[in-house]
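Indexing begins at 1, ligand by ligand and atom by atom, following the structure's order. Computed from a predicted structure; not experimentally measured. The figures here come from the full heavy-atom set of this structure, side chains too, leaving out hydrogens, waters and symmetry mates.
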Amino acid sequence: MNKQITADPKTGEKICRCFKRCGGCQLQEPYAEQLERKQEKAERLLSKYAKVRPILAMEQPYYYRNKVQNVYGKGKRGEIVSGIFQSTAQTMVTAEHCMLEDRRAAPIVRTLKQLMHDLKIAPYDLRTGTGLLRHTLIRTSVSTGQVMLVLVTASPVLPAKKHLVAALRQAHPELTTVVQNICPDGLPLTLGERSIVLFGRGYIEDVLCGCRFRISPASFYQVNPAQTERLYSCAVRAAGIGAGVTVIDAYCGTGTIGMICAKQGAAVTGVELNRSACLDAAENAKRNQLETIRFCNADAGKFMQETAKAGGHCDVLIMDPPRAGASPAFLRAAAAMKPARIVYISCKIETLARDLQQLTQAGYRVTEIQPVDMFPHTTGIETVCVLQRAAHASSANAQHARAK
Ligand code: SAH
């Protein structure tokens with residue numbers, strides 16, 4: 001325990017002094033109350049569709065984040081300070097510790113600050129546009145033990161980089177790769193197009209549900225590995241996967257969920273907009289020796305519309321869109337393709353509720369709603385929602401409405 005993170009004398013639960021300023025956590029009440037609050041919200045917004053199962057809680061709701069981003073600046077005495085980028089205020093909140101992040105990240109950041117001082121690597125100043133180091137991204141894997149450090153710089157010239165990498169590796173033998181990403185402009189915390197591998201393979205690997213995944217700096221990957229395994233297991237079980245079942249995994253990221261389905265014999269098409277994630281997905285399929293999965297680097301809405309227009313079909317649609325949810329055009333095309341089941345994985349309950357309305361009107365009935373607490377201490381709620389195509393959808397929905 002340090003000065004910043006202490007324990008509540010009554011409950012023994014952790015408290016962070018940066019809580020109000022940082023914004024990374026939005027909830028600091030006891031974990032049981034957080035869960036109650038999330039369950040209530042899920043029920044308020046979703047129980048008109050089906051019974052909401054009790055939220056799957058974490059055993060230890062701390063230090064779960066496998067993706068850690070830090071920004072850097074100069075302190076009052078000219079020393080290098082690090083912290084969290086507070087997006088609403090567009091400013092840096094200095095913080096040495098975080099009770100959500102993998103504990104391997106903070107010591108690496110500490111060493112880096114010392115090296116920046118010694119090697120005269122200036123933090124990038126957003127207001128003046130001067131300096132070099134914009135931010136760092138650390139990705140970790142609990143299952144493989146691999147750790148990646150990405151140094152995001154405003155220009156490609158990184159002084160004394162051999163010495164920098166050697167010193168980092170000496171202090172942190174757990175580092176398995178170090179990458180420099182060049183991002184001349186853009187919003188804080190974004191990555192640029194160009195990456196230079198300074199040491200190692202330029203990516204880390206993680207194992208989830210028996211599959212091995214490669215994760216590059218820019219690819220989306222779920223941030224809470226323990227809960228992701230539970231989320232994926234729930235989604236794949238609900239999808240009713242078996243040999244020969246055809247699956248579309250829309251918004252597939254690095255192909256994780258589709259690959260778990262392919263491992264169980266399904267024929268899968270993954271669709272993903274981000275090119276880097278899509279390349280990782282194709283590579284991941286090879287590594288896992290999966291031959292019944294292919295990936296399409298496209299907008300999921302366009303892909304669904306084109307596939308529906310061409311008379312395409314799938315038995316199961318798995319969809320895991322970003323917070324904005326799916327577009328009406330995506331949902332129309334999805335219903336037109338008549339999959340027997342839709343497994344909707346949502347990270348924002350409001351957009352899920354909105355999209356369920358369209359899907360239930362288009363002939364689907366919600367049969368299962370399982371919230372999963374992927375982001376303790378934040379307001380985020382992840383939900384697996386299962387829909388079945390109902391032969392007489394309107395009567396099935398009316399029955400549920402009457403039963404309530
Ligand atoms: N199912 C994956 C990723 C979910 S996150 C996993 O569990 O890891 C949502 C993904 O949707 C991201 O990878 C993002 O790049 C992708 N995405 C966002 N908008 C998209 C769109 N319009 N079409 C296809 N993919 C999109």
| Step by step, would you call Phe330 with Tyr251 a ring-ring contact (aromatic ring centres under 6.0 Å, His included)? | CA-CA 11 Å; Phe330 175 103; Tyr251 310 91; 5.4 Å; yes

| Pairs in or reaching into residues 229-248: which pass salt bridge (charged side-chain N to carboxylate O under 4.0 Å, His left out), with residues at least two apart or in two chains? |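 Sorted result for residues 229-248: Arg237-Glu368.
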
Distances only, to 0.1 Å: what are the N or O pairs between ligand 1 and the protein that fall under 3.5 Å?
{"from": "ligand 1", "atom 1": "1 (N)", "to": "Tyr251", "atom 2": "O", "distance (Å)": "3.1"}
{"from": "ligand 1", "atom 1": "1 (N)", "to": "Asp320", "atom 2": "OD2", "distance (Å)": "2.8"}
{"from": "ligand 1", "atom 1": "7 (O)", "to": "Gln222", "atom 2": "NE2", "distance (Å)": "3.0"}
{"from": "ligand 1", "atom 1": "7 (O)", "to": "Tyr232", "atom 2": "OH", "distance (Å)": "2.5"}
{"from": "ligand 1", "atom 1": "7 (O)", "to": "Asp320", "atom 2": "OD2", "distance (Å)": "3.2"}
{"from": "ligand 1", "atom 1": "8 (O)", "to": "Tyr232", "atom 2": "OH", "distance (Å)": "3.2"}
{"from": "ligand 1", "atom 1": "13 (O)", "to": "Glu272", "atom 2": "OE1", "distance (Å)": "2.8"}
{"from": "ligand 1", "atom 1": "13 (O)", "to": "Glu272", "atom 2": "OE2", "distance (Å)": "3.3"}
{"from": "ligand 1", "atom 1": "15 (O)", "to": "Glu272", "atom 2": "OE2", "distance (Å)": "2.6"}
{"from": "ligand 1", "atom 1": "22 (N)", "to": "Asp299", "atom 2": "OD1", "distance (Å)": "2.8"}
{"from": "ligand 1", "atom 1": "23 (N)", "to": "Ala300", "atom 2": "N", "distance (Å)": "2.8"}
{"from": "ligand 1", "atom 1": "25 (N)", "to": "Leu273", "atom 2": "N", "distance (Å)": "3.2"}

| Is there a donor in the side chain of Thr130 and an acceptor in the side chain of Thr128, or the other way round, less than 3.5 Å apart? |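 Yes, side-chain donor-acceptor contact under 3.5 Å.
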
| task | Quick one: sort the Tyr62 and His377 rings into parallel, tilted or perpendicular, breaks at 30° and 60°. | result |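 Judged by the thresholds at 30° and 60°, the geometry between Tyr62 and His377 is parallel.
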
| said: Counting the benzene-type ring for Trp, do Tyr364 and Tyr49 have ring centres under 6.0 Å apart? | reply: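 They do not qualify: ring centres at least 6.0 Å apart.
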
| query | To the nearest 0.5 Å, what is the distance between OG1 (Thr6) and CD (Glu13)? | reply |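 The distance works out to 12.5 Å.
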
